[in-house]
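Worksheet for the structure shown next.
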Amino acid sequence: HELGRPAINAVVLDIGGVLFQDADPVANSEIYQPIPGMDSVVRSLVNNPDIKVYVLSDIIQPLKGIVLDRLHAFYPRLDLSKVIFSCDITALKKDPEGLAFKKLLAIAGITDPRSVLLIDDLEGNTTNARAFANMRGLTFRGNKYENLSATQRVAKELAIAGIVDR
């Protein structure tokens with residue numbers, strides 16, 4: 001790990017845009033489809049005994065059941081007790097002062113936020129996590145210069161950081 005920074009021991013994943021392709025779930029619950037390759041990334045994270053995997057999603061109450069069913073179907077190794085919904089903690093990731101991230105840290109019992117990596121498709125969310133909660137953030141997007149999809153880039157970054165095997 002980086003000099004003076006703790007090793008990452010928890011990874012927080014977003015649902016829409018990271019685990020599932022963005023879509024309108026109200027129109028069709030079957031629209032929740034996994035992002036190609038993320039099952040492998042999640043499996044690698046879950047298989048690392050030194051990493052706790054959480055999911056934090058800005059979602060409305062009526063969609064919780066559908067989302068949990070789809071998470072279980074496509075990511076069966078995820079611990080659904082570590083899925084945290086904004087509607088339950090009454091805070092959104094975009095809220096000022098990073099309240100959603102602070103609540104997640106408290107729920108998870110994490111005392112050093114620098115040991116937590118948020119992976120989110122919205123740069124504003126990763127910025128909020130860094131600025132207001134002192135977490136680390138990785139925006140889920142590809143790298144056109146290396147011809148990498150967002151999934152490939154995240155897998156590469158996680159391997160470089162020693163969080164998953166190469």
Side-chain angles (χ1 to χ4, degrees), residues 1-26 32 34-35 38 41-42 44-46 48-68 70-71 75 77-143 150-151 153-164:
H1 57 79
E2 296 173 39
L3 187 63
R5 295 181 82 179
I8 291 173
N9 59 32
V11 173
V12 179
L13 301 168
D14 175 41
I15 290 180
V18 175
L19 293 177
F20 293 133
Q21 297 173 29
D22 275 332
D24 181 3
V26 176
Y32 279 124
I35 290 188
M38 279 305 291
V41 173
V42 169
S44 295
L45 287 168
V46 171
N48 182 338
D50 297 325
I51 298 293
K52 293 179 183 169
V53 179
Y54 295 89
V55 175
L56 178 61
S57 179
D58 288 343
I59 200 159
I60 59 174
Q61 186 75 26
L63 297 178
K64 280 177 49 177
I66 293 167
V67 169
L68 288 170
R70 302 301 277 179
L71 281 172
Y75 301 102
R77 295 174 190 225
L78 276 178
D79 179 352
L80 296 183
S81 72
K82 291 186 175 132
V83 176
I84 299 167
F85 295 109
S86 58
C87 60
D88 292 332
I89 61 172
T90 61
L92 298 170
K93 291 180 273 183
K94 67 179 181 178
D95 286 347
E97 305 302 316
L99 185 58
F101 304 113
K102 292 173 183 175
K103 287 185 174 189
L104 169 110
L105 295 169
I107 290 166
I110 297 171
T111 57
D112 188 349
R114 297 172 304 160
S115 69
V116 180
L117 173 66
L118 170 71
I119 301 173
D120 197 294
D121 65 313
L122 299 178
E123 189 168 6
N125 291 341
T126 55
T127 298
N128 272 357
R130 285 191 297 269
F132 299 116
N134 206 22
M135 293 167 53
R136 298 183 202 182
L138 176 61
T139 304
F140 188 79
R141 62 177 167 223
N143 181 326
T151 303
R153 178 178 163 255
V154 165
K156 178 181 176 181
E157 296 289 340
L158 292 172
I160 289 170
I163 298 169
V164 299

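Everything numeric in this text was worked out from a predicted model, so none of it was measured.
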Flag, side chain of N134 to backbone of P113, donor-acceptor distance under 3.5 Å: no

Can you sort out the partners of D14 under side chain to side chain donor-acceptor pair (under 3.5 Å), two or more places apart, ordered by chain and number? K93

L56 CG to F85 CZ distance, which is reported to the nearest 0.5 Å: 10.0 Å

Kindly state each residue pair satisfying salt bridge (charged side-chain N to carboxylate O under 4.0 Å, His left out) with at least one member in residues 101-113, sequence neighbours excluded. D112-R114

Side chain to side chain donor-acceptor pair (under 3.5 Å) involving K156 - partner list, sequence neighbours excluded: E146

Gap separating the CG atom of N48 from the CD1 atom of I163, nearest 0.5 angstrom: 8.0 Å

For L19, is there any backbone N or O sitting under 3.5 Å from a side-chain donor or acceptor partner on Y75? yes

Which heavy-atom pair separates G16 from D121 by the least distance, and what is that distance? O-OD1, 3.0 Å

V67 and F20: which non-hydrogen atoms are nearest, and at how many Å? O-CE1, 4.5 Å

Let me confirm one number: the CD1-CG distance from I66 to L71, rounded to the nearest 0.5 Å. 12.0 Å

Answer yes or no: is there a donor N or O on one side and an acceptor on the other, between the side chain of S86 and the main chain of I59, under 3.5 Å? yes

Between L68 and L80, what is the shortest heavy-atom contact and its length? O-CD1, 4.0 Å

Only counting residues at least two apart or in another chain, list the ones meeting side chain to side chain donor-acceptor pair (under 3.5 Å) with E157. none

Verify, without hydrogens or angle tests, whether D95 (side chain) and L92 (backbone) share a donor-acceptor contact under 3.5 angstrom. yes

What distance do Y54 atom OH and L13 atom CG have between them, rounded to the nearest 0.5 Å? 12.0 Å

Pairwise distance CG(L138) to OG1(T126) - rounded to 0.5 angstrom: 8.0 Å

For N143, enumerate each residue passing the side chain to side chain donor-acceptor pair (under 3.5 Å) test, keeping only those at least two apart in sequence or located in another chain. none

Listing request: all salt bridge (charged side-chain N to carboxylate O under 4.0 Å, His left out) pairs with a residue in residues 56-67, at least two apart in sequence or in separate chains. K64-D88

